[in-house]
Amino acid sequence: MMHTVKLLCVVFSCLCAVAWASHHRQPCHSPPLTSGTMKVVSTGGHDLASGEFSYDSKANKFRFVEDTAHANKTSYMDVLIHFEEGVLYEIDSKNESCKKETLQFRKHLMEIPPDATHESEIYMGSPSITEQGLRVRVWSGKLPELHAHYSLSTTSCGCLPVSGSYYGEKKDLLFSFFGVETEVDDPQVFVPPAYCEGVAFEEAPDDHSFFDLFHD
């Protein structure tokens, strides 16, 4: 068993080395499932949201539940987004109420857009001291529909989100991801609660997007 683990580690290291050496990098794809903590701040340093996220890259579904213990707010965000269908649910589990909106713009920072540009591959921390560094890839691109541009950092091996930035006409946002795992404890987080059934769509602007969730 130990020999098998060592062999897998060697193979994985070799694959990482090949990825590191490649000069023709295409946007990587997120693992099928990821979860962890996401924090969003404005470029002015204001905390906008912090909580637990879950993402299903195959179905392109995203859930974010704000941490009530670390937010000085009267209301807290709990959103479920089905990007493929273009539907955004704002969920109030305490009052068992639901708001449903159409999401016309479906790009987001949980997945690297296929037209993203690979900017660089860098080592954060130390490349020579064990467990004291992280190799990341930096991607960037434009979102012309929103008159915005973005940057996203992912782990070099695994394509896990590390950080991101969004610069638009309305706002500038900085995203940080912590404790990311390649699993989701409860797949039901991607299913709207029963009390969302039959709820009518509310009007939303044509440029309504994932990034509009985060504001002062």
Side-chain angles (χ1 to χ4, degrees), residues 27 30 34-57 60-92 98-120 124 136-154 159-180 201-216:
S30 298
T34 49
S35 61
T37 300
M38 183 178 78
K39 183 173 183 178
V40 187
V41 301
S42 68
T43 51
H46 299 291
D47 290 341
L48 302 182
S50 181
E52 300 302 309
F53 78 88
S54 302
Y55 179 57
D56 180 339
S57 66
N60 207 4
K61 296 179 179 180
F62 173 80
R63 183 74 178 264
F64 178 73
V65 181
E66 196 168 7
D67 184 358
T68 59
H70 295 89
N72 185 22
K73 299 180 178 180
T74 55
S75 62
Y76 302 95
M77 191 187 313
D78 182 353
V79 294
L80 170 63
I81 306 176
H82 291 183
F83 286 104
E84 289 297 320
E85 292 83 5
V87 180
L88 184 154
Y89 298 90
E90 293 187 25
I91 300 166
D92 184 344
C98 187
K99 179 180 176 182
K100 187 164 64 172
E101 298 176 340
T102 301
L103 197 69
Q104 298 289 352
F105 188 81
R106 303 179 186 183
K107 289 184 179 179
H108 52 90
L109 288 189
M110 300 307 301
E111 195 75 52
I112 302 173
D115 58 351
T117 299
H118 180 266
E119 294 291 346
S120 61
M124 300 173 64
V136 300
R137 295 182 181 187
V138 181
W139 312 85
S140 68
K142 296 181 179 180
L143 304 171
E145 299 91 336
L146 301 180
H147 305 286
H149 63 278
Y150 67 88
S151 176
L152 181 62
S153 298
T154 64
C159 203
L160 299 179
V162 176
S163 63
S165 59
Y166 167 88
Y167 301 98
E169 287 186 329
K170 300 178 182 178
K171 65 187 73 181
D172 299 332
L173 303 171
L174 300 176
F175 295 79
S176 299
F177 300 90
F178 308 96
V180 180
F201 280 98
E202 297 190 15
E203 290 188 17
D206 291 339
D207 60 351
H208 191 39
S209 75
F210 164 81
F211 306 101
D212 290 326
L213 295 173
F214 311 102
H215 49 79
D216 292 312

Check your understanding: When you measure from the side chain of Thr68 to the backbone N and O of Tyr76, does any donor-acceptor pair fall under 3.5 Å?
Key ->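 The answer is no, because no donor-acceptor pair under 3.5 Å joins these two groups.
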Taking every non-hydrogen atom, the tightest pair across [X] and [Y]:
X      : Y      : answer
Ser165 : Leu174 : CB-CD2, 3.7 Å
Ile112 : Pro27  : CG2-CB, 3.7 Å
Ser30  : Ser57  : O-OG, 3.5 Å
Thr154 : Val162 : C-CG2, 3.9 Å
Lys171 : Asp212 : NZ-CA, 3.7 Å
Leu146 : Ser209 : CD1-OG, 3.9 Å

Atom pair [atom1] ([X]) and [atom2] ([Y]), whose distance is rounded to the nearest 0.5 Å:
X      : Y      : atom1 : atom2 : answer
Ile81  : Glu90  : CD1   : CD    : 9.0 Å
Cys159 : Arg137 : SG    : CZ    : 7.5 Å
Glu84  : Asp56  : CD    : CG    : 10.5 Å
Asp172 : Ser42  : CG    : OG    : 8.5 Å
Phe177 : Ser163 : CZ    : OG    : 8.0 Å
Asp78  : Glu66  : CG    : CD    : 10.0 Å

Are the side chains of [X] and [Y] in touch, meaning some heavy atoms are under 4.5 Å apart?
X      : Y      : answer
Tyr55  : Met38  : no
Leu88  : Phe210 : no
Phe83  : Glu111 : no
Glu145 : Asp207 : no
Tyr167 : Thr43  : yes
Glu101 : Val79  : no
Asp92  : Lys99  : no
Lys61  : His82  : yes

Review point. Judged by modelled atom types alone, do Glu52 and Thr37 share a side-chain donor-acceptor pair under 3.5 Å?
Key: yes
**Study point:** His108 side chain to Asn60 side chain, donor-acceptor N/O pair below 3.5 angstrom
**Key:**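 Yes, Asn60 and His108 have a side-chain donor paired with an acceptor closer than 3.5 Å.
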**Study point:** Residue from Tyr150, Phe211, Phe175 passing ring-ring contact (aromatic ring centres under 6.0 Å, His included) with Tyr166
**Key:** Phe211
Exercise for review: Give the intermediate values and the outcome of side-chain contact (heavy atoms from CB on, under 4.5 Å) for residues Phe53 and Thr34.
Suggested key: CA-CA 8 Å; Phe53 78 88; Thr34 49; 3.9 Å; yes
Check your understanding: So with a 6.0 Å cut-off around CG of Asp206, is the heavy-atom count from everything else above 12?
Key ->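 Count not over threshold, so no.
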Check your understanding: How about Lys39: does its NZ atom have over 12 heavy atoms from other parts shown lying under 6.0 Å from it?
Key ->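 No, the 6.0 Å shell around NZ holds no more than 12 heavy atoms from other groups.
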Review point. Relative to the ring of Phe214, is the ring of Phe64 parallel (under 30°), tilted (30 to 60°) or perpendicular (over 60°)?
Key: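 Plane angle over 60°, so perpendicular.
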